[in-house]
Protein chains: 2
Amino acid sequence: METKRLALEIAKNHLQLRGYNGFSFQDIADELGIRKASLHYYFASKEDLGLALIEDYSNSFQEWTQKHAELDSLEKIKKFIDMYSTFSQDGLKVCPGGVFCIDYNTLPPNLKKTVCQLQEQIQEWLTKAVAEGIKSKSIRPTLKPKETATLIHATTQGALQIARMQNNPKAMKSTSLALLSLLEK
Amino acid sequence: METKRLALEIAKNHLQLRGYNGFSFQDIADELGIRKASLHYYFASKEDLGLALIEDYSNSFQEWTQKHAELDSLEKIKKFIDMYSTFSQDGLKVCPGGVFCIDYNTLPPNLKKTVCQLQEQIQEWLTKAVAEGIKSKSIRPTLKPKETATLIHATTQGALQIARMQNNPKAMKSTSLALLSLLEK
DNA sequence: GTCTATAGGGAGATAGAC
DNA sequence: GTCTATCTCCCTATAGAC
């Protein structure tokens with residue numbers, strides 16, 4: 001099972017660096033030092049690998065939210081930005097949501113559905129955090145919680161991508177914090 | 001030359017719907033009703049096609065800016081959002097910048113460079129528009145022009161992508177206008 | 001300009017040996 | 001679990017006829 005974990009980690013790197021249609025079983029096998037046919041022992045198809053990737057991201061995010069459950073709402077959002085920012089700092093990666101979105105129309109139906117669920121999971125967490133923030137008067141009530149959550153989500157996702165093109169790993173964080181400064185009360 | 005134009009239009013659609021690594025010469029040829037080999041008469045390689053695409057986007061944007069040069073700065077930015085919003089309304093397309101960003105690390109060097117130039121072109125136009133807006137006191141001076149431009153750019157790009165996953169062509173515009181409401185004085 | 005034919009490579013995937 | 005061998009399909013790209 002160790003090999004499966006390693007393969008998933010390698011696949012995550014490739015995904016966030018080159019897109020879903022930008023890497024192959026061969027790439028993973030090479031890095032892992034095994035033959036690509038052997039990978040089919042763990043993942044019957046590339047769709048299966050994709051599903052496993054999403055599940056992994058989803059579980060990581062779930063764990064992450066539990067770890068930060070006790071924080072003040074504004075701090076939660078700052079930590080969220082931090083998490084995304086680590087992608088950028090790790091070789092100018094982008095977030096999985098952005099990747100799967102671009103390749104979305106090339107994905108098999110099951111994968112599409114799962115990708116959407118991951119986006120919703122993040123969206124819902126952000127919405128709750130924002131609603132808390134409005135309640136505790138740390139976030140302006142100008143926009144509705146859901147609207148603000150979408151705005152944060154869109155900005156962080158876009159900022160990761162812009163940062164890559166600008167070859168500037170630090171840009172993502174400052175762009176996102178700029179938005180936050182406008183949202184803070 | 002008419003065939004070349006048609007091929008470019010078809011390629012643009014595929015690019016914004018399926019990503020750079022998500023379509024092939026075959027796809028364009030099928031839609032055009034010719035053989036894929038014939039496409040190489042117009043575009044020697046896929047890289048060449050990519051370069052032609054970027055050039056086309058860049059020229060279109062250049063024309064677009066000239067058409068809107070006389071507008072008030074805030075109106076300019078609203079029109080910019082409108083333009084991006086038409087992508088979303090046209091089959092949940094995303095912007096070329098977002099597409100090329102995800103596939104960025106799989107691109108040949110020349111294409112990479114050209115993609116970056118397109119991003120800079122947009123960025124510079126936005127920065128000027130924001131600077132004007134701050135001068136004429138229609139935009140808050142809280143953030144620097146360049147910072148605000150990047151924020152708008154990241155948000156509009158991300159909002160297009162989120163809108164696709166939410167299967168909601170109208171979401172892009174409302175998310176972007178939400179940001180604008182925070183920036184307005 | 002567009003065609004047929006084809007080269008050459010890489011993709012995902014499977015069968016069966018070890 | 002991992003291997004070799006192989007299948008099928010699709011990709012970009014080229015040569016040369018029409």
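Note on naming: letters A, B, ... go to the chains in the order of the sequence lines (proteins, then strands), and numbering restarts at 1 for each one.
Ring-plane geometry between Phe23(A) and Tyr20(A) is classed as perpendicular, the angle between the planes exceeding 60 degrees on a 0 to 90 degree scale with a lower cut at 30.
Ile152(B) is listed as a side-chain neighbour of Thr148(B), based on a closest heavy-atom distance under 4.5 Å. The side-chain heavy atoms of Asp103(B) and Val99(B), taken from C-beta on, include a pair separated by under 4.5 Å.
Closest of all the heavy-atom pairs between Lys78(A) and Leu180(A) is CG-CD2, 3.5 Å.
Residue Tyr41(A) is grouped with residue Leu6(A) when hydrophobic side chains (ILVMFWY) are merged at heavy-atom distances under 4.5 angstrom, including chains of intermediate members.
Contacts between chain B and DNA chain D, taken as any atom within less than 4.0 angstrom of a protein heavy atom, begin and end at dC11(D) to dT14(D).
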Q | Working for ring-ring contact (aromatic ring centres under 6.0 Å, His included), residues Phe80(A) and Tyr84(A) | A | CA-CA 6 Å; Phe80(A) 179 82; Tyr84(A) 266 45; 4.7 Å; yes
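Under a cut-off of 6.0 angstrom, the local environment of CD in Gln66(A) is crowded, with over 12 non-hydrogen atoms contributed by other residues, nucleotides or ligands.
Taking atom CZ on Arg35(A) and atom C1' on dG12(C), their separation rounds to 17 Å, with Å as the unit.
Remark on DNA chain C: of its neighbouring residues Gly33(B) and Ala37(A), the 5'-side contact belongs to Gly33(B), judged by nearest-heavy-atom nucleotide.
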Polar-atom pairs under 3.5 Å, protein N or O versus N or O of nucleotides 7-11 of chain C: list them with distances, or write none.
residue : atom : partner  : partner atom : Å
dA11(C) : OP1  : Ser24(A) : OG           : 2.8

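Counting only distance, with no hydrogens or angles, the side chain of Ser176(B) and the backbone of Met172(B) share a donor-acceptor pair below 3.5 Å.
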